[in-house]
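No experiment lies behind these values; they were computed from the predicted model shown. Residues: numbered from 1 along the sequence shown.
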Amino acid sequence: MQRSTAFIIGVFFVIGLYALGLGIKSGLEFQPDSTNHDGTITAEGFASKIVAASGILWSIEITSSGNSISDVLSKNEKDKEALKQFFMGAGVSESDMVFGDLQLINTKNGSDQYDTNTKGKDFIAEQSVTIQSADIKSVRKAQDKLSGLYALGVTLKYQHKSEFYSKYFYDTSNEQNQLIEEAFAKAKASAQKIAEQSNRTLGEAHDIYTENLDMDNQNTYLPGKQMLVRVRVTYNAK
């Protein structure tokens, strides 16, 4: 009697798992695509493309200090030369580096605002260097080894987030049209599949919604802008 009861429970347990599996499969297959109660079928399609960057823009700020104007200017020149050699060692061309105006500060007028690297010094020189280069790989290499500046005696005050640029970022109409066509074709294929599975005939599209989603692509080897298009289409169905 106990064996019969266990057998019956086991059968119902298997049937329950099977039904649950069908429900999960159905949910995955028809979401977000679905048949509607008003005799229509709605389906979505996605398409994406990465528009590669043609260059990178990045800037950092360094701080040099000394107890006299001549000391701080001399230290600044040494730091600039060390900075040039550091970037050139990573493969960045010197012509891609632009140094900003030198800011000379007398710390006696407000020394509390400076960190321990400049504490006790009478003068501070702050200067930025901006790199604009088509050699993205070399600039990335320098960024990864930026901590090596401290070993050279260079004090890094701040670094700005790098930005990628390309003329194609601002003229993507052709790419967007191609992605819309691709996404529309995928949506139609999904709708056709749903129609076949529900023994219905797919009719004309009467409601089409498109959405463009651009985002930065920070991939180390292919930085740029990722274009993503979503198309949602509702078809008549009989």
Side-chain angles (χ1 to χ4, degrees), residues 49-172 213-228:
K49 179 181 180 180
I50 294 177
V51 181
S54 59
I56 186 171
L57 183 67
W58 179 52
S59 64
I60 64 173
E61 296 178 25
I62 61 172
T63 299
S64 308
S65 58
N67 288 321
S68 67
I69 293 179
S70 59
D71 286 345
V72 75
L73 292 179
S74 176
K75 181 63 166 67
N76 174 258
E77 287 299 322
K78 291 179 180 179
D79 289 345
K80 285 170 59 178
E81 185 59 32
L83 198 61
K84 288 180 183 179
Q85 295 302 320
F86 172 79
F87 285 129
M88 291 170 64
V92 180
S93 173
E94 185 176 358
S95 61
D96 291 337
M97 309 176 203
V98 177
F99 284 88
D101 294 335
L102 181 68
Q103 301 293 324
L104 191 61
I105 302 169
N106 186 343
T107 63
K108 295 179 181 179
N109 297 328
S111 59
D112 292 340
Q113 62 179 307
Y114 300 103
D115 58 28
T116 56
N117 292 321
T118 58
K119 190 174 182 179
K121 302 296 183 179
D122 292 337
F123 294 93
I124 294 174
E126 296 180 347
Q127 194 165 25
S128 66
V129 57
T130 300
I131 297 176
Q132 183 171 346
S133 175
D135 190 353
I136 299 175
K137 184 177 180 180
S138 294
V139 177
R140 280 293 184 89
K141 182 179 178 181
Q143 290 175 330
D144 292 339
K145 298 182 178 181
L146 196 60
S147 59
L149 285 176
Y150 295 102
L152 300 175
V154 179
T155 300
L156 179 65
K157 179 184 178 183
Y158 186 77
Q159 65 165 317
H160 296 269
K161 181 181 178 181
S162 55
E163 298 179 6
F164 301 108
Y165 62 86
S166 172
K167 64 178 181 179
Y168 299 108
F169 289 176
Y170 309 102
D171 184 17
T172 58
L213 304 170
D214 290 349
M215 61 194 76
D216 290 334
N217 178 44
Q218 297 295 332
N219 185 293
T220 302
Y221 303 102
L222 188 60
K225 184 183 292 290
Q226 183 176 14
M227 300 173 59
L228 177 63

Peer 1: From Asp79 CG over to Ser65 OG, what is the distance, rounded to the nearest 0.5 angstrom?
Peer 2: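 If we round to the nearest 0.5 Å, Asp79:CG and Ser65:OG are 8.5 Å apart.
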
Peer 1: Taking the side chain as every heavy atom from C-beta outward, state whether Gln132 and Val98 have any pair of such atoms under 4.5 Å apart.
Peer 2: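 Not touching, per the 4.5 Å side-chain cut-off.
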
Peer 1: For Leu73, is there any backbone N or O sitting under 3.5 Å from a side-chain donor or acceptor partner on Ser64?
Peer 2: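 No, Ser64 side chain to Leu73 backbone: no donor-acceptor pair under 3.5 Å.
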
Peer 1: Which pair of non-hydrogen atoms, one from Gln143 and one from Ser162, has the smallest distance, and what is that distance?
Peer 2: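 Closest approach of Gln143 to Ser162: NE2-CB, 3.4 Å.
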
Peer 1: What pair of heavy atoms forms the shortest contact from Ser133 to Tyr165, and how long is it?
Peer 2: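 Heavy-atom minimum between the residues: O-OH, 3.7 Å.
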
Peer 1: Just how far is it from atom CD of Glu81 to atom NZ of Lys84, taken to the nearest 0.5 Å?
Peer 2: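 So the CD of Glu81 and the NZ of Lys84 are separated by 5.5 Å.
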
Peer 1: Nearest 0.5 Å, please: how far is CD1 in Ile62 from NZ in Lys157?
Peer 2: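 CD1 of Ile62 is found 11.5 Å from NZ of Lys157.
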
Peer 1: Could you report the tightest heavy-atom contact between Ile136 and Ser54, atom names first, then the distance?
Peer 2: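 Result for this residue pair: CD1-C, 4.4 Å.
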
Peer 1: State, with a plain yes or no, whether a side-chain heavy atom of Leu149 is found less than 4.5 Å away from one of Leu83.
Peer 2: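 When only atoms from C-beta onward are counted, Leu83 and Leu149 do touch, with a gap below 4.5 Å.
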
Peer 1: Between Gln127 and Gly100 (side chain of the first, backbone of the second, donor and acceptor by atom type, cut-off under 3.5 Å), is there such a pair?
Peer 2: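 Yes; at least one donor-acceptor contact below 3.5 Å.
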
Peer 1: Taking the side chain as every heavy atom from C-beta outward, state whether Thr130 and Leu57 have any pair of such atoms under 4.5 Å apart.
Peer 2: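 Yes, at least one pair of side-chain atoms sits under 4.5 Å.
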
Peer 1: Within the 4.5 Å heavy-atom criterion, are Val139 and Asp96 side-chain neighbours or not?
Peer 2: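 Heavy-atom side-chain distance check fails, nothing below 4.5 Å.
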
Peer 1: Using side-chain heavy atoms (C-beta onward) and a distance below 4.5 Å, is Val154 in contact with Phe86?
Peer 2: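 No, their side chains stay 4.5 Å or more apart.
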
Peer 1: Please report the interatomic distance NZ(Lys161) to OG(Ser59), rounded to the nearest 0.5 Å.
Peer 2: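 Answer for the NZ-OG pair, Lys161 versus Ser59, is 13.5 Å.
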
Peer 1: Out of curiosity, Leu156 CG to Glu61 CD, how far, rounded to the nearest 0.5 Å?
Peer 2: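 Interatomic distance, Leu156 CG to Glu61 CD, rounded to 0.5 Å: 9.0 Å.
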
Peer 1: Within a strict 4.5 Å, meaning less than it, do heavy atoms of the Val92 and Trp58 side chains meet?
Peer 2: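 When only atoms from C-beta onward are counted, Trp58 and Val92 do not touch, as no gap falls below 4.5 Å.
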
Peer 1: Any side-chain heavy-atom pair from Lys80 and Glu77 closer than 4.5 angstrom?
Peer 2: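 Sidechains of Glu77 and Lys80: in contact.
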
Peer 1: In the structure I gave you, are the side-chain heavy atoms of Asp71 and Phe123 within less than 4.5 Å of one another anywhere?
Peer 2: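 Not touching, per the 4.5 Å side-chain cut-off.
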
Peer 1: Show, in sequence, the C-alpha distance, side-chain angles and deciding distance for Ile60 and Phe87, and conclude whether the side chain to side chain contact (heavy atoms under 4.5 Å, CB included) test is met.
Peer 2: CA-CA 12 Å; Ile60 64 173; Phe87 285 129; 3.9 Å; yes

Peer 1: Roughly how far, to the nearest 0.5 Å, is CG of Asp135 from CZ of Arg140?
Peer 2: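 Rounded to the nearest 0.5 Å, the CZ-CG separation comes to 12.0 Å.
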
